[in-house]
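Presented below is the structure to which this report refers.
Everything numeric here is computed off the predicted structure, so don't read it as measured data. Computation of the quantities below employed the complete heavy-atom set of this structure, encompassing side-chain atoms and omitting hydrogens, waters and symmetry-equivalent molecules. Proteins get letters first, then strands, A, B, ... in listed order; numbering begins at 1 in each.
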Amino acid sequence: MSKIIVLLGQTGSGKTEISIKLAKKLNAQIINSDKVQMYKDVSIGVSKTTYKEMDGIKHYLIDFLDLDQEYSIYDYQNDGRKILNTLIKNNINVIITGGSALYIKALLYNYDLIANNKTLCMYEDLSNEELKRKVDIINSNNLIHVNNRKRLVRFLNNYHNTGKAIINENNSTPIYEADFYYLDVPRSILYNRINTRVDNMINSGLIDEAFLLYNKNYKVLDTIIGYKELNKYFKNEISLQEAILLIKQNTRKYAKRQETFFKHQFTNIKYITLDYNDTNKVINDIYLSSL
RNA sequence: GGAGCCGUAGCCAAGCGGUAAGGCAUAGGUCUGCAACACCUUGAUCGCCGGUUCAAAUCCGGCCGGCUCCU
């Protein structure tokens, strides 16, 4: 019977290396669950796992999307489950790793997602208060904050597309049996790693990579850390120094959000303390605990 | 040596006599669809000393520190 291991960890925690070494040990294959790693043409800024780093381990759902291609969490759920089912059928162990927790949830839990559930109406003529009132009428138990316009709009679109007033119900039943591991790294160490990683990205040519893509005007690039800040620099809105500091800061903030979200969403997590001087120990710990 | 301006939380900054706006950062948190998103919560007694006043970050004097100009 194949095992499913979910390797959680903040950006910069070292998931990639651990996942590949673990895959070798478990004879497993890897499904990527990081939204930005799915895109082609961005590599330095997203720390895309290179072919060399993969070291012969089969990876799925990585480096396959065009930057202007639409791909929703619904698509991911579908594609991911197909792959997962095939691997299970063939008795192959699988490791799921990546920073997009919501994608992992949608993949492994009973999330009812509907195809083509697009945001058709932005409700630009309504104030936050008016939007909130509309949402309250449809579902008085919703916990969406008045100021969270993006979520309010999404709720209303969702309702009109599906007729469902979804509020976080029935989403915590797992469909697949999986073990969750969280690479626990002390805040100060993680932040140092993040800061030096950004410096390394710059030294490895991130500016050139970003500039090339900047000229092609892909909209997603204004949402991806590393590219959105450099875009501001290319537009002469900030200096290079400011852009670099912003990249570091935004990455740290993202890591912080990941931490709260992982801990909040996945209740059966096993925490693994990471010692960077001895990563083999971590791999061994996970390996033994997964048997 | 003289003249002027300035000194408010880690940073930026409002207030100009009635008991410290706001923004950013930090920290904590929320979360079913563009999720590396969006949102919530979070702090000081105002350079120091003295004076005036019922009351001073706000007025006066001295000192310290910074900036600009003049000789």
Side-chain angles (χ1 to χ4, degrees), chain A residues 9-13 15 32-39 42 45-48 65 67-78 80 98-120 122 128 131-132 135 139 142-162 164-173 175 187-188 191 194 197-198 201 210 218-231 238 242 245-266:
Chain A
Q10 292 156 280
T11 185
S13 61
K15 292 188 297 292
N32 167 55
S33 60
D34 197 311
K35 173 72 190 205
V36 299
Q37 295 245 349
M38 293 175 200
Y39 289 109
V42 283
V46 300
S47 297
K48 173 91 53 66
L65 282 178
L67 284 166
D68 53 3
Q69 192 177 338
E70 281 195 26
Y71 191 80
S72 70
I73 192 164
Y74 171 82
D75 299 314
Y76 179 79
Q77 185 183 53
N78 258 331
S100 308
L102 194 61
Y103 281 64
I104 297 175
K105 246 207 146 179
L107 178 64
L108 300 175
Y109 290 74
N110 63 333
Y111 265 44
D112 269 335
L113 297 169
I114 286 111
N116 299 317
N117 188 16
K118 287 186 180 151
T119 301
L120 302 170
M122 294 307 289
N128 289 2
L131 281 176
K132 174 67 176 168
V135 171
N139 186 327
N142 78 85
L143 296 172
I144 308 173
H145 194 275
V146 213
N147 294 339
N148 207 343
R149 174 169 260 271
K150 191 167 163 176
R151 297 265 162 94
L152 292 171
V153 168
R154 189 181 298 148
F155 178 94
L156 291 172
N157 275 278
N158 208 43
Y159 180 66
H160 292 305
N161 287 346
T162 68
K164 289 183 184 171
I166 296 170
I167 42 146
N168 216 4
E169 48 188 333
N170 276 336
N171 65 346
S172 48
T173 314
I175 288 180
R187 181 71 59 88
S188 58
Y191 281 9
I194 286 172
R197 186 175 74 165
V198 173
M201 285 174 179
Y218 294 115
K219 270 184 288 173
V220 254
L221 291 178
D222 280 325
T223 67
I224 301 177
I225 296 173
Y227 300 86
K228 63 177 175 189
E229 296 84 356
L230 284 174
N231 283 178
I238 55 175
E242 287 171 319
L245 286 176
L246 262 181
I247 294 172
K248 291 176 179 174
Q249 190 177 82
N250 286 332
T251 309
R252 279 185 251 124
K253 286 162 100 169
Y254 171 52
K256 163 64 179 57
R257 266 181 276 127
Q258 283 186 125
E259 187 185 333
T260 53
F261 197 62
F262 284 144
K263 291 181 177 173
H264 179 257
Q265 292 294 304
F266 305 108

Next on the checklist: Can you list everything that forms a ring-ring contact (aromatic ring centres under 6.0 Å, His included) with A:Tyr103? Sequence neighbours excluded, please.
Outcome noted: A:Tyr76
Item to check | Inter-nucleotide P distance (B:A56, B:U41), Å rounded | outcome: 33 Å
Item to check | Duplex segments of RNA chain B, taken as runs of at least three Watson-Crick or G-U pairs that stay under 3.5 Å | outcome: B:1-7 with B:64-70, B:10-12 with B:22-24, B:27-30 with B:38-41, B:47-51 with B:59-63
Item to check | Of the listed nucleotides B:A36, B:G28, B:U26, the one nearest the side chain of A:Lys256 | outcome: B:G28
Next on the checklist: Just to be sure I understand the rule, does A:Val220 reach a base, reach only the sugar-phosphate, or reach nothing, if contact means heavy atoms closer than 4.0 Å?
Outcome noted: nothing
Checklist entry - Under 4.0 Å between a side-chain N/O of A:Arg257 and OP1 or OP2 of B:C40, yes or no? => result no
Checklist entry - So, is A:Ser100 close to the B:A36 phosphate, meaning a side-chain N or O under 4.0 Å from OP1 or OP2? => result yes
Item to check | Partner set under ring-ring contact (aromatic ring centres under 6.0 Å, His included) for A:Tyr74, not counting sequence neighbours | outcome: none
Checklist entry - When we call it a touch if two heavy atoms are under 4.0 Å apart, what does A:Phe262 touch: a base, just sugar-phosphate, or nothing? => result nothing
Checklist entry - Taking the side chain from A:Asn128 and the backbone from A:Arg149, do they hold a donor-acceptor pair closer than 3.5 Å? => result no
Checklist entry - At under 4.0 Å between heavy atoms, what does A:Lys219 touch on the DNA or RNA strands: base, sugar-phosphate, or nothing? => result nothing
Checklist entry - Partners of A:Lys228 by side-chain hydrogen bond (donor to acceptor under 3.5 Å, both in side chains), sequence neighbours excluded? => result none
Checklist entry - Considering only the P atoms, how many Å lie between B:G50 and B:U19, rounded to the nearest integer? => result 25 Å
Item to check | Pairwise C1' distance, B:U45 and B:G1 [rounded to whole Å] | outcome: 38 Å
Next on the checklist: Under 4.0 Å, counting only non-hydrogen atoms across every strand here, what does A:Phe261 touch: a base, just sugar-phosphate, or nothing?
Outcome noted: base
Checklist outcome for this item: Residues passing the side-chain hydrogen bond (donor to acceptor under 3.5 Å, both in side chains) test with A:Arg151, sequence neighbours excluded, are none
Distance-only criterion, 3.5 Å: show the donor-acceptor pairs between side-chain atoms of residues 218-226 of chain A and protein atoms not counting sequence neighbours.
| from | atom 1 | to | atom 2 | distance (Å) |
| --- | --- | --- | --- | --- |
| A:Thr223 | OG1 | A:Val220 | O | 2.7 |

